[in-house]
Amino acid sequence: MVSDADLQGLDAKIVALTAKVQSLQQTCRHMEAELKELTSALTTPEMQKEIQELKKECAVYTERLKNIKVATNHVTPEEKEQVYRERQKYCKEWRKRKRMATELCDAILEGYPKSKKQFFEEVGIETDEDYNVKLPDP
């Protein structure tokens, strides 16, 4: 037989030891997380190698930038604007001609007994869609 006082003492010990176990488990989890973080981090030699590679890459980009700045064949704003105007003009003409050709084909197809695809094949018409070409936005 064990007295109530002894039972209460043992219960108190159990509570204290449970709290201590929980505290140690939490400490262990923190240490495991820290270990995982440290093992996933680069070592000093790996970091030095990475720094050297980045410095080489930076030097290459610096050299390219220097060459671009030194180049004398820059496009002037006027030339750029001229190219954009010409592109817009040609796209407009492309749309106009495509519309005219489509209307002409539709007029022919009204009295044609076969399908549009067969007509295009017989006549030898190649469309933009056959080659996945799309008109650029204006």
(request) For atom CD of E93, decide whether the heavy atoms of other residues, nucleotides or ligands shown that lie under 6.0 angstrom number more than 12. (result) yes

(request) List, by chain and then residue number, the residues other than Y112 in its hydrophobic cluster (Ile/Leu/Val/Met/Phe/Trp/Tyr, side-chain heavy atoms under 4.5 Å); write none if there are no others. (result) L104, I108, L109, F119, F120, V123, I125

(message) Tell me if a side-chain donor or acceptor on T102 pairs with a main-chain N or O of K98 at a distance below 3.5 Å.
(response) yes

(request) Quick one: pull up OG1 in T18 and NZ in K20 and give me the separation to the nearest 0.5 Å. (result) 12.0 Å

(request) Kindly indicate whether the side chain of H30, heavy atoms from C-beta on, has any atom under 4.5 Å from the side chain of Q26. (result) yes

(message) Could you work out, with salt bridge (charged side-chain N to carboxylate O under 4.0 Å, His left out) as the rule, every residue matching R64, not counting sequence neighbours?
(response) none

(request) Measure the CD-CG distance between E103 and D106 for me, rounded to the nearest 0.5 Å. (result) 8.0 Å

(message) Could you tell me if R85 and Q88 have a donor-acceptor pair between their side chains, going purely by distance under 3.5 Å?
(response) no

(message) Testing the basics here: between P136 and R95, what is the closest heavy-atom pair and its distance to 0.1 Å?
(response) O-NH2, 2.5 Å

(message) Show the nearest heavy-atom pair for residues K80 and V75, with the distance to one decimal.
(response) N-CG1, 3.8 Å

(message) Between E129 and K117 (salt bridge meaning N to carboxylate O under 4.0 Å), is one present in this structure?
(response) no

(message) Could you measure the distance from the CD1 atom of I51 to the NZ atom of K56? Nearest 0.5 Å is fine.
(response) 13.0 Å

(request) State the OG1-CG distance between T127 and N132, to the nearest 0.5 angstrom. (result) 9.5 Å

(request) List the steps, then state whether side-chain hydrogen bond (donor to acceptor under 3.5 Å, both in side chains) holds for Q82 with E86. (result) CA-CA 6 Å; Q82 177 66 27; E86 287 179 11; 2.9 Å; yes

(message) Between E34 and E37, is the side chain to side chain contact (heavy atoms under 4.5 Å, CB included) condition met? List the steps.
(response) CA-CA 5 Å; E34 186 177 344; E37 182 181 320; 5.6 Å; no

(message) Rounded to the nearest 0.5 Å, what separates atom CD in E63 from atom CD1 in I68?
(response) 11.0 Å

(request) Count the heavy atoms of every other residue, nucleotide or ligand shown that sit under 6.0 Å from CD of E121, and state whether that count exceeds 12. (result) no

(message) Using side-chain heavy atoms (C-beta onward) and a distance below 4.5 Å, is C58 in contact with L54?
(response) no

(request) First locate atom CG of L17, then atom OG of S23, and finally report the distance between them rounded to the nearest 0.5 Å. (result) 12.0 Å

